[in-house]
Amino acid sequence: MDINDDPLAPLMSSIDPARTPSGADLTPPQRALLERIKTGDDHVSPNRIGGRKWWGAGVASAVIAACVVMAFVIVPNLFSPSRATAMTPPPLEYSPLSQTAEQVLDMAITRLSGSAGLDSPRRSADYTGWYLQVDNLPKGDTRVAISPQVTNLTWWEDRSGQLTVVTGEPYWADEAMGTVPASAAPPPGEVLTDVTFAAGEFDVPNAELPGPSSAELFNYLTDIGLAPDADAFTLIETYKRLLTLWTLTNDQHAALLGMILKRNDVEILGGTTDRLGRDVVGVAAEAAAGSGLQATLLISSTTGRIVGIETNRLTPLDGVPAGSVVSYTVWKDSIE
């Protein structure tokens, strides 16, 4: 993926291709948001830091949240493909487990039943994410800075809402010690997006509360783009869309886990410690043949909730080596 000096085309082309016909016109709220992006209003404009151009969540999250597709964040100017250096965050390393998928599901349901949770889902989401953006480093750069970004979304039944995105604490992809300078990544706490949606402007396909059963949740997933015959990889990626819109109950997490863990196209990778230092179990699924991607769902060993989703390359592509982490999203493990 590459974003050049005209970022609008690739951003708009990423808007839910499964649900938006290629010739479809934008809705009035989408046109208004696009105009704000063009004019730089509402903080939805590129930030220039240290002479580098940062197309961060200030552009991407506003467009994607408004159109209800997977929220992602972008770290530009990442690397020169020919340079021998760490390009992405290090992949998580798993220890094999003896449990089957059914036993992992039983474990998660037990943890969920004993953990504090919501009585009903909330129209809000708090998460941290990172998405690989391939671009060229200026000559002489040898280290790559990872810049996670923190999203807070709250919205209401009338489709009004508030979206903010700030930069997280940057770190070196090669895990080298030392502070990441502002010339390599935005400093933590910088506001990239601060957008308020008036009633009707947050264009979510279904504003009703998702039901607790597997059937009700599956119907909601189809509303936000899941095909009825989707593979496990696509199901996990659609879970990401759902969890960037809602904070769900423990019963709903149990239902989602039942849907994925009862499939025969998933693999239990094992146990590991995630990017926030939490004990998790990884459940992986490969994308359709030829795409070379794998999505991994991270289940908390403490609460049983879904607390992360990562996507990795299984095959090299455009200078990105096999095994590279190309995106991750992490959620809180507790409900406040």
Side-chain angles (χ1 to χ4, degrees), residues 8 11-37 44 57 59-73 118 120-127 129 131 151-165 193 195-249 251-253 255-256 259-260 295 306 309 327 329 331:
L8 295 178
L11 285 174
M12 297 309 295
S13 68
S14 72
I15 294 175
D16 201 355
R19 294 185 58 84
T20 304
S22 60
D25 195 9
L26 295 177
T27 65
Q30 290 168 359
R31 290 195 198 97
L33 181 59
L34 180 58
E35 185 60 30
R36 294 203 299 271
I37 294 171
V44 190
V59 175
S61 290
V63 175
I64 292 169
C67 301
V68 195
V69 296
M70 186 190 315
F72 66 87
V73 291
L118 301 174
S120 62
R122 290 178 183 167
R123 293 182 181 88
S124 64
D126 297 284
Y127 54 94
Y131 193 95
T151 298
N152 178 270
L153 169 69
T154 301
W155 58 288
W156 292 272
E157 189 174 4
D158 66 356
R159 291 180 167 84
S160 62
Q162 179 70 37
L163 172 70
T164 60
V165 183
T193 296
V195 178
T196 298
F197 298 95
E201 285 190 346
F202 189 70
D203 195 16
V204 59
N206 186 346
E208 298 297 321
L209 297 179
S213 70
S214 296
E216 290 169 310
L217 282 167
F218 187 83
N219 287 338
Y220 196 94
L221 291 168
T222 61
D223 287 341
I224 60 174
L226 182 71
D229 59 349
D231 59 13
F233 173 91
T234 306
L235 182 59
I236 291 175
E237 291 293 326
T238 311
Y239 283 4
K240 187 187 298 183
R241 298 184 187 184
L242 178 68
L243 295 174
T244 56
L245 291 171
W246 295 90
T247 300
L248 299 179
T249 67
D251 287 343
Q252 289 173 316
H253 275 258
L256 292 176
M259 274 190 264
I260 194 69
I306 298 168
I309 294 175
S327 73
T329 308
W331 291 268

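Residues take their numbers from the sequence shown, with the count starting at 1.
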(message) Assess, by modelled atom type and distance only, whether the side chains of Asp251 and Thr249 contain a donor and an acceptor separated by less than 3.5 Å.
(response) no
(message) Restricting to non-hydrogen atoms, name the atom on Thr247 and the atom on Leu118 that form the minimum distance, rounded to 0.1 Å.
(response) O-CD1, 3.5 Å
(message) Taking Pro210's backbone N and O only, do any of them form a donor-acceptor pair with Gln252's side chain (distance below 3.5 Å, no angle check)?
(response) yes
(message) I'd like to check the side chain to side chain contact (heavy atoms under 4.5 Å, CB included) partners of Ala255; sequence neighbours left out, ordered by chain and number.
(response) Ser214, Leu217
(message) Please check this pair: side chain of Tyr127 against backbone of Thr151, looking for a donor-acceptor N/O pair closer than 3.5 Å.
(response) no
(message) Can a donor-acceptor pair be found, under 3.5 Å and without considering hydrogens, that links the side chain of Arg122 to the backbone of Leu248?
(response) no
(request) Answer whether the closest heavy-atom distance between the side chains of Tyr239 and Leu221 falls below 4.5 Å. (result) yes
(request) Report yes if the side chains of Val204 and Leu245 come closer than 4.5 Å at any heavy-atom pair, otherwise no. (result) yes
(message) Would the distance check show the side chain of Trp331 and the main-chain N or O of Leu243 forming a donor-acceptor pair, the cut-off being under 3.5 Å?
(response) yes
(request) Could you tell me which residues satisfy side chain to side chain donor-acceptor pair (under 3.5 Å) with Gln162, sequence neighbours excluded, listed by chain and number? (result) Asp194, Thr196
(message) If the condition is side chain to side chain contact (heavy atoms under 4.5 Å, CB included), which residues does Ala198 pass it with, not counting sequence neighbours?
(response) Glu201
(request) Kindly write out the residues that satisfy side chain to side chain donor-acceptor pair (under 3.5 Å) with Ser213, not counting sequence neighbours, or none if the list is empty. (result) Glu216
(request) Quick one: pull up OH in Tyr220 and OG1 in Thr238 and give me the separation to the nearest 0.5 Å. (result) 12.5 Å
(request) Enter the distance from Ile309:CD1 to Thr329:OG1 here, rounded to the nearest 0.5 Å. (result) 6.5 Å
(request) Please assess Thr193 against Leu163 for the test side chain to side chain contact (heavy atoms under 4.5 Å, CB included), listing each intermediate value before the final yes or no. (result) CA-CA 7 Å; Thr193 296; Leu163 172 70; 4.0 Å; yes
(request) Check side chain to side chain contact (heavy atoms under 4.5 Å, CB included) between Ser327 and all other residues, then give those that pass, not counting sequence neighbours. (result) Tyr131, Lys240, Thr311
(request) Please list, chain by chain and in numerical order, all residues satisfying side chain to side chain donor-acceptor pair (under 3.5 Å) with Asn219, sequence neighbours excluded. (result) none
(message) Taking side chain to side chain donor-acceptor pair (under 3.5 Å) as the definition, give me every residue that meets it alongside Thr164, ordered by chain and number, with sequence neighbours left out.
(response) none
(message) My understanding is that only one of Trp155, Trp156, Phe202 makes a ring pair (Phe, Tyr, Trp, His ring centres under 6.0 Å) with Phe197; could you say which?
(response) Phe202
(message) Within the 4.5 Å heavy-atom criterion, are Phe218 and Met259 side-chain neighbours or not?
(response) yes
(request) For the pair Arg123 (side chain) and Ala207 (backbone), establish whether a donor and an acceptor sit closer than 3.5 Å, ignoring hydrogens and angles. (result) yes
(message) Please report the interatomic distance OG1(Thr244) to CG(Asp126), rounded to the nearest 0.5 Å.
(response) 11.5 Å
